[in-house]
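We name chains A, B, ... by the order of the sequence lines, and we start the count at 1 in each one. Excluded from the calculations below are hydrogen atoms, water molecules and symmetry mates; all remaining heavy atoms, backbone and side chain alike, are included. Note that the structure is a prediction, hence the values are computed from the model and not measured.
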Amino acid sequence: MKATATYLKVSGDQIRRFQRCVLTFYKQHGRMLPWRSTMDSYKILVSEVMLQQTQVSRVIPYYIRWVETWPTVQALARASRPEVLRAWLGLGYNSRAVRLQQASRVITHDFGGDVLAAMQDYQKVPGVGRYTAQAVLIFATNADLVTVDTNIRRILLASFGLPASTADRDLWDLALRCLPKGRSREWHNALMDYGALQVTARRTNIPPKTRQSKFEGSSRQLRAQVLRVLLDAPRTTQTLQQMLCCDEEALSEVLLRMCQEGILTCDGARFVVASD
DNA sequence: TTCCCGCCCT
DNA sequence: AGGGCTGGAA
């Protein structure tokens, strides 16, 4: 017998009311999104990685282009890293692109191309955490599983009047109690729309667990500029500094970190986008 | 200013 | 457990 988590005072009646509310909203306001019309687990994985910390509206054109360019996990595994980074340019968090491609290679070579098997063993897959693995399994197979992202967390806290300090374990348990069995795909799509369009962070005043630092003048801004320049041609540190008019020390740190993340390599004196 | 369907490394 | 990571929109 497993240890049970702290019991949350949520009744069966409250849960049924909540389900009706979410599903009714979905019937009236549900969005038709490109990755919702496929059961291809590879394409769903692409969408989930793109959607990590990135708005739906920005992901849509990138997703469509991506699955046209690389329609299968094997095709992505054969792509070059500069190609992949170019296709990702502007979407943000560029190391996600590197990890998604590494993931495609792990899935192709270690899991025989079986995305779902890889999701069940997600710790071996770069860029895929618990949230993403569960989401892919849910949307591809409609299995009776749950997943809790910042969106679903906010919905549960707001709908049941729970404190922001509620433990993850309790939220996942509650999410499972709320799941209408046999309708996991529809349910999770409904939750996403309910959270994005109705129970927003701004309206509920429930902040996400992790906040981000300012972008303007940050090293993130510098990283983006560096990547754009180096996708065009290899450059030395000195040239980069002149082109970008940036602080030399900040540039050095950014270059080092981008090399560690596998985005760049140092080709003697010049930095290049890593070839693989 | 704050948030957006998190994950990785230290 | 805590900070870093993209860029745009509200």
Base, sugar-phosphate, or nothing: which does [X] touch, judged by heavy atoms less than 4.0 Å apart?
X        : result
A/Gln260 : nothing
A/Arg228 : sugar-phosphate
A/Thr150 : sugar-phosphate
A/Arg202 : base
A/Arg203 : nothing
A/Val49  : nothing
A/Trp35  : base
A/Gly195 : nothing
A/Leu91  : base

The test is side chain to side chain contact (heavy atoms under 4.5 Å, CB included); show your working for A/Thr200 and A/Arg203 and say whether it passes. CA-CA 5 Å; A/Thr200 61; A/Arg203 287 219 268 262; 3.2 Å; yes

Any residue of residues 181-190 of chain A with a heavy atom less than 4.0 Å from an atom of DNA chain B: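 Of all residues in residues 181-190 of chain A, none places a heavy atom under 4.0 Å from DNA chain B.
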
How do A/Thr54 and A/Ser57 order along DNA chain C: which one's closest nucleotide is nearer the 5' end?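 The residue whose closest nucleotide sits nearer the 5' end is A/Thr54.
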
First of A/Arg58 and A/Tyr122 reached from the 5' end of DNA chain B, by closest nucleotide: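 First, find each residue's nearest nucleotide; the 5'-ward one identifies A/Arg58.
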
Closer to the 5' end of DNA chain B via nearest nucleotide, is it A/Gln55 or A/Gly127?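 Closest to the 5' end, via its nearest nucleotide, is A/Gln55.
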
Decide if the gap between the ring center of A/Trp88 and the ring center of A/Tyr62 is smaller than 6.0 angstrom.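 Not under 6.0 Å, so no.
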
Nearest whole angstrom, please: distance from the [atom2] of [N] to the [atom1] of [X].
X        : N     : atom1 : atom2 : value
A/Gln53  : C/dG3 : CD    : P     : 16 Å
A/Arg257 : C/dG4 : CZ    : P     : 8 Å
A/Leu256 : C/dC5 : CG    : P     : 12 Å
A/Tyr93  : C/dG3 : OH    : P     : 14 Å

Using the P atom as the reference point in each nucleotide, state the distance between B/dC4 and C/dA1 in Å, no decimals.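 Rounded to whole Å, the distance is 24 Å.
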
C/dA10 and B/dC5: how far apart are their P atoms, nearest whole angstrom?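 Per the computed distance, 13 Å lies between those P atoms.
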
Below 3.5 Å, does any donor atom in the side chain of A/Gln221 face an acceptor in the base of C/dG7, or the other way round?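 No such pair is found, so the answer is no.
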
Under a 3.5 Å cutoff, is there a donor and acceptor pairing between the side chains of A/Thr54 and A/Arg96?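 Yes, a side-chain donor-acceptor pair sits under 3.5 Å.
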
Can you tell me if A/Tyr131 and A/Gln52 form a side-chain donor-acceptor pair at under 3.5 Å?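 No donor-acceptor contact under 3.5 Å links the two side chains.
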
Using the side chain to side chain contact (heavy atoms under 4.5 Å, CB included) rule, pick out the option among A/Leu256, A/Leu85, A/Val272, A/Leu255 that qualifies with A/Leu264.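 In the set A/Leu256, A/Leu85, A/Val272, A/Leu255, the residue that makes a side chain to side chain contact (heavy atoms under 4.5 Å, CB included) with A/Leu264 is A/Leu255.
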
Can A/Arg257 and A/Glu261 be counted as an ion pair, charged N to O under 4.0 angstrom?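 The answer is yes: the pair qualifies as a salt bridge.
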
Lys/Arg N to Asp/Glu carboxylate O, A/Arg169 vs A/Asp173, below 4.0 Å: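 A salt bridge is present here (some side-chain N lies under 4.0 Å from a carboxylate O).
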
Between A/Arg220 and C/dG8, is there a side-chain N or O to OP1/OP2 distance below 4.0 Å?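 The answer is no; no side-chain N or O of A/Arg220 sits under 4.0 Å from OP1 or OP2.
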
Reading DNA chain B from 5' to 3', where do the contacts with chain A start and stop? Cut-off is 4.0 Å to heavy atoms.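 Going 5' to 3' along DNA chain B, contacts run B/dT1 to B/dC8.
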
Tell me, yes or no, whether the heavy-atom count around A/Gln14 atom CD, taken from other residues, nucleotides or ligands under 6.0 Å, exceeds 12.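 Yes - once you tally the heavy atoms of other residues, nucleotides and ligands closer than 6.0 Å, there are more than 12.
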
Would you check if A/Trp66 and A/Met50 make a side-chain contact, meaning some heavy-atom pair closer than 4.5 Å?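 They are in side-chain contact.
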
side-chain contact (heavy atoms from CB on, under 4.5 Å) involving A/Tyr26 - partner list, sequence neighbours excluded: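 side-chain contact (heavy atoms from CB on, under 4.5 Å) check on A/Tyr26 returns A/Arg36, A/Glu186, A/Asn189, A/Ala190, A/Asp193.
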
